[in-house]
Every structure is written in C-alpha cells, then in structure tokens.
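What follows is a set of notes on a single structure, which appears directly below.
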Amino acid sequence: MLELVAQGSETEQHWRKRLEPGQRYCIGRHPECELSVKWDPQISRQHVQIDVHPDHLQLSRVETARNPLFFAGEAVGTCRVEVGQHFVVGSTSFHVTQPETEVGIVAAPFEEVAFKRAELRKIRYQDPENRIEVLTHLPEVISGARDDSELYYRLANLLLKGVVHAEAVAIVTTSGTEEVQMLHWDRRHETAGPFRPSRRLVTEAIERRQSSVLHIWETDSPVPSDKTLTQEFDWAYCTPVPGLAMEPAGLYVAGRMGKTFVPGTTLSDALQLEADVKFTELVAEIISSVIRARRLERQKAGLRQFFAPPILAALGDELDTTLLEPSECDVTVMFCDLRGFSQRLENEAGDLIGLLERVSRALGVMTHHILENGGVTGDFQGDAALGFWGWPFPSPDAAVHACRAALGIRAAFAKAAATRNHPLADFEMGIGIAHGRAVAGKIGTAEQVKVTVFGPVVNLASRLESMTKQLRVPILLDEGAAKMVRDRLKPTEGRLRRLAQILPYGMETPVTVSELLPPVSDFPELTDAHLESYEAGVAGFIAGNWDEAYRHLHAMPASDRAQDFLMQQIVLNNRTAPRNWDGIVRLPSK
C-alpha cells in the first residue's frame, strides 16, 4: 500500500492519504474528488487521474486541466511516480511514501503518568479560543467523513491544530496480542519524515489502564531508547477512544519539550502537557459520543425497515434487542406478491433499471401498510414482501391488523390502476394471509439486524397467495385467520366470504379459504346480499347439492370472478357432485 502526501505553500495546507492498489483516484478542487485540494486555485476541478499499482503510481493529466503537471522538473502528460519521488501541480507538491505500520520497540520512560478525569478537570487551558474553535468543528469533521480512512485523516489534522505543541499524531489500535498498528499518522512538518509510536505506551493506555497515559523520556539517556526518540520526541501520550475502530483504538500525540520544558522537570511543572491531555480526553469523549450516536441511528434506520413505531419505542434508545430474540408464538403471516412479474421482466428487459424502480415502489407500498398497521416486515423475495403480526408482542388482533394492511395495499394498487400514466398502473397483486404457530425473531449481527419467521404457517400464506390466481381474487385467508377476523373486523373496514374447501397441491391438510373484500362503501359492486347468496352457494357445493349451488352462484354479478372457479367444477360435472364427494377441491398444481 502507498501513501500520498500533499503539501501546499502554507504549513497548514497539507494532507496524507492512503491509496489502495488497483483503485483509481482523482486530484482536483472538486469536493467529490477523492484527493481534493481546496487550497490551491491553480488546480482545476479535476486535474490529475491516478492509477495505483503496488509499487508505483501512474499519473495522467486530465485534458480539461488548465495548468501543467510537473515531474522531475518537466511538464508531462503522463508519468510513473515511485516511492520517494514527487510531482507538482500548481503550488502544491505531492510525495509518494509507504505507510509506517510498524510501531517502536518497548522502552521504559523517565516518567509515566496515568490521568484521572477528576484531576484533569482542575487544569486550565492557556489557549481556550483555539481549542473551542476546534471542538466546535469536531462533530462536522466526524459526520463529513466518507469512510474510516478519511475520518482518521481528519482527526489527525484536527489534533495538530488543537494541540499546538504536538509535532506528530497518530490513530493507533491494538488487538490485545502486543500487536500495535497505526491506522493513520501525520506530522506538523512533513519533511521531518515518519515516526513510530511507543508500543509500551499504546499498550499501557489502551489495554491495561484504559485511560490517558503520558510518557516523558530523557533525551540524553545512555540506555537504548524507544524508536520514538530517534525523531527527538521526548514526550508522548495516548488517549483511548472507545468505538473508534473495530479493535481498541486511541489518539497518540508526541512532541518535544519547548522553552518552558527542561530535562529533569516533573509533570507538575509541565502544566501545558496536562492541558493538552485534558483537551485530547475531551476530543476522545466527543468522538465516542458522535460515533455511538451514528451507530445507533444506523441501527434504528435499519430497524425502521422492519418494525412499526410501537416496537421501536419498546426497544428504547439503547436498542435492547434482547426483546427480538427468536421465540415460538402465534402469528399472522401475510405474503404479498406482484402478479405477472416474470412476464413483465421479459417484456421490459431493455429497461431493467426502470422496472427495478417501479418494483421497488410497489414493495414500498406493501411495506408502508405493513408497518402502518403494526406489523413486522420479514423479508423481500424479488417482487414479494413478507409481513407478520403477533411478535415480539402477542396480539389477539394480529389477523385484524393484517387484514387492514392487505386492504390498504389493495386500495393503493386500485388507485394507481385508475390513475393515468401512474408507475404502478399496470401492476396487480395477490395476498395470502394465514394464522398459526411459528418461530419468529432476529438474525444477523449487532450492526445489522434482520428478522424472519419460520413455520408451516409461512408456507401456507405463500400457497394462499399463489391460489389467488386460480380462485381469481386478490386476497385469501385461511380459516384460522378468518375466525379471528369475523368477530373483530368492522363491516365499515372490510368483509369476508367463504370461497371453498381446497387441498393445495403437495399438501395433506385441506384448507377452508375465504376472501377479504373492502366495505360496501368502497366496493359497491358486491353487496352484502351478494355475499350471503355466494356463501349459500358454497354451502350447497360442499354438501354436494350442486344444482342449488349453481343457482346461487349464477345470480352473482358477471364482474365477480370468484364464482368462475366453482362454476367451472359444477359445469364440467353437469351440476352433479362426483361419487364419494367429500366437499374438497384438490388442486392439480401450485
């Protein structure tokens, strides 16, 4: 891996960034350039393109760049830059180096001090205005970083600005096995070269004490010293930052004694060092708080895809996900699928992005109504969505909430179909709802939690959705869900009618299926009298009185497609039930 160090005409105009082999970067003034140089007006918005190789950089000047690219004293269009070499654009020089990941040998300090927060509170700052300005921008520095590498780079620059006596800073991490690495480092003066933090100090602060630790060395000691001292650093401290990286991490700050400091001074005389440690402790605390808040917000954002607000409220601000542990419970499962998606996929193969956007919008309609009615979104399977109720909190109205969600989805698609040029105008959907015993809970990691539900009830809901095509209705319920809904769903919200007793293909237990319909006010084509007549026809069909069943079903409006399924069975058998008729229609396929 290589590093690129940019240095402008002013001391504070610099940055250091790692470059990943095989990646392409752009130097320019545009904020979206990976290697943005905002301070140099002679650099164009996009000026130099860099292709990273394991041991060198291949540079190409962008054609629209106004000023030349200089390498080895000559203006070039392209060039190869190796480690130790540099190139110039405008008034900024760029040096190619290798990152220093090795940390110095262990050496005993002349003085070691571990700080307690109570002691640091008594310390007064000598430059409060500068420190306050740095702290004011700290949340913006953290939130504005596009990735961890940029975050570490920004923090290093911020520390150099806030700790004016520091000569070098580093973001360090340790895995607990005496292995210490620098995630990023920077120096106030790039020409001074790299530095290697003290392994002993980093381990002492991050692993053993978990608090800020300061080491002061004697520069004239005859004993072989830590490699840090080869750079003439005679003090350094390390402050842990919980949550900054995957492994325990901290902020490492090093420098030299100034005019105020002389060899042999005690820490009580070095008040400025104590103030610097206090400031770095405050920076570390803010970093941890902001990162923790961002992590919680990401977790909540992920959970909002699956849980309704009441469930999120129950999880609390600390996101106690023990509530979401898998458990066996009674649930109502809803499986919602887009009709004819495979055919549409073939017809619109030339605009897959457009089709994906429309499908995503359709899935958004489903998810919205599931969450709005207190459900949990379990999974997406291509063009289908799974929702369920009754977990993590048991609910006697689980099936009612599922039906309200299903009716909301049906109404949304009906409205889209009636709206000219609506993106969802040509989409149809089928919904299956089943109630039964299942195991529901979370799967995944602490960073990303997904939920799902397991059990035969899930398969049944999926089968019911498939049967909507054969029975020619949008929404089907099994008998378990229908029993819960009949007494609890208000007629002004929705209505039910029993359709048939079905033995789905590949299953051993027959299912009494019912259709969920909108209220009369929203669906006047079928009155309550129509539904009574239909159910009388179903009763006659099951009992084997097919002539009577025919008369009831034939009285239904021609627009009602549900009658077609039973009428076909009756007509094919000349209105006479087969011998040994048991009232069950066996489906020959899914």
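In this chain, residues are counted from 1 in sequence order.
Pairing each heavy atom of Y252 with each of S198, the nearest pair is OH-N, 3.0 Å. Here the closest non-hydrogen pair linking D276 and H165 is OD2-ND1, 3.9 Å. The minimum heavy-atom distance linking D40 with S91 is given by the pair OD2-N, 2.8 Å. Summarising the geometry of W39 relative to P41, their closest heavy-atom pair is O-CD, 3.3 Å, with the distance given to 0.1 Å. Of all non-hydrogen atoms in T239 and S212, the two that sit nearest each other are OG1-OG, 2.8 Å. Residue H53 comes nearest to L2 through the heavy atom pair O-CD1, 3.7 Å, listed as atom of the first residue, atom of the second, then distance.
The side chain to side chain donor-acceptor pair (under 3.5 Å) with D51 is formed by just one residue from the set Q23, R24, H56; it is R24.
For F94, the ring-ring contact (aromatic ring centres under 6.0 Å, His included) partners at least two apart in sequence or on another chain are F87. For H368, the ring-ring contact (aromatic ring centres under 6.0 Å, His included) test picks out no residue, with sequence neighbours left out.
Between the side chain of Y237 and the backbone N or O of A205 there is no donor-acceptor pair closer than 3.5 Å. A donor-acceptor pair under 3.5 Å is formed between the side chain of Q58 and the backbone N or O of C79. Using modelled atom types, one side-chain atom of T173 and one backbone atom of P248 make a donor-acceptor pair closer than 3.5 Å.
Note: Q42 CD to R29 CZ = 10.0 Å, rounded to the nearest 0.5 Å. Remark: L363 CG to M366 CE distance equals 5.5 Å, nearest 0.5 Å. Rounded to the nearest 0.5 Å, atoms CG (L159) and CZ (F279) are 6.5 Å apart. How far CG of L4 is from CG of L35: 6.0 Å, rounded to the nearest 0.5 Å. D186 contributes atom CG, which lies 15.5 Å from atom OH of Y152 (distance to the nearest 0.5 angstrom). With rounding to the nearest 0.5 angstrom, the CD atom of E34 is 10.5 Å from the CD1 atom of I27.
Within the 4.5 Å cutoff, side-chain heavy atoms of L155 are placed close to those of L244. Considering only heavy atoms from C-beta on, T377 comes within 4.5 Å of L371 through its side chain. For the pair T64/S44, no side-chain contact is recorded, criterion being any heavy-atom separation below 4.5 Å from C-beta on. Residues R256 and F233 form a side-chain contact, since some pair of their non-hydrogen atoms from C-beta on lies under 4.5 Å apart. Between V283 and L138, some side-chain heavy-atom pair lies under the 4.5 Å cut-off. Contact annotation: the side chain of V89 never approaches that of N67 to less than 4.5 Å [non-hydrogen atoms, C-beta and beyond]. Taking the side chain as every heavy atom from C-beta outward, W389 and M334 approach each other to under 4.5 Å. Annotation: side chain of R16 is in contact with side chain of W185 (closest heavy-atom distance under 4.5 Å).
Salt bridge annotation for E82-R80: present, with a cationic side-chain nitrogen under 4.0 angstrom from a carboxylate oxygen.
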Next on the checklist: Between V169 and L251, is the side-chain contact (heavy atoms from CB on, under 4.5 Å) condition met? List the steps.
Outcome noted: CA-CA 7 Å; V169 298; L251 306 176; over 6 Å; no

Next on the checklist: Does I206 form a side-chain contact (heavy atoms from CB on, under 4.5 Å) with V172? I'd like the steps, not just the answer.
Outcome noted: CA-CA 9 Å; I206 296 178; V172 293; 4.1 Å; yes

Item to check | CA sep, side-chain torsions, deciding dist, call: Y25, E20, side-chain contact (heavy atoms from CB on, under 4.5 Å) | outcome: CA-CA 9 Å; Y25 298 85; E20 297 288 342; 3.6 Å; yes

Item to check | Intermediate values then yes/no, side-chain contact (heavy atoms from CB on, under 4.5 Å), V376 and V453 | outcome: CA-CA 10 Å; V376 178; V453 59; over 6 Å; no

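Judged by distance alone, the side chains of W15 and S36 never bring a donor and an acceptor atom under 3.5 Å apart.
Using the six-membered ring where Trp is involved, W391 and F388 have ring planes that are tilted, between 30° and 60° apart.
The number of heavy-atom neighbours closer than 6.0 Å to CD of Q46, taken from other residues, nucleotides and ligands shown, is 12 or below. In this structure, R66 places its CZ atom where more than 12 heavy-atom neighbours from other residues, nucleotides or ligands lie under 6.0 Å away.
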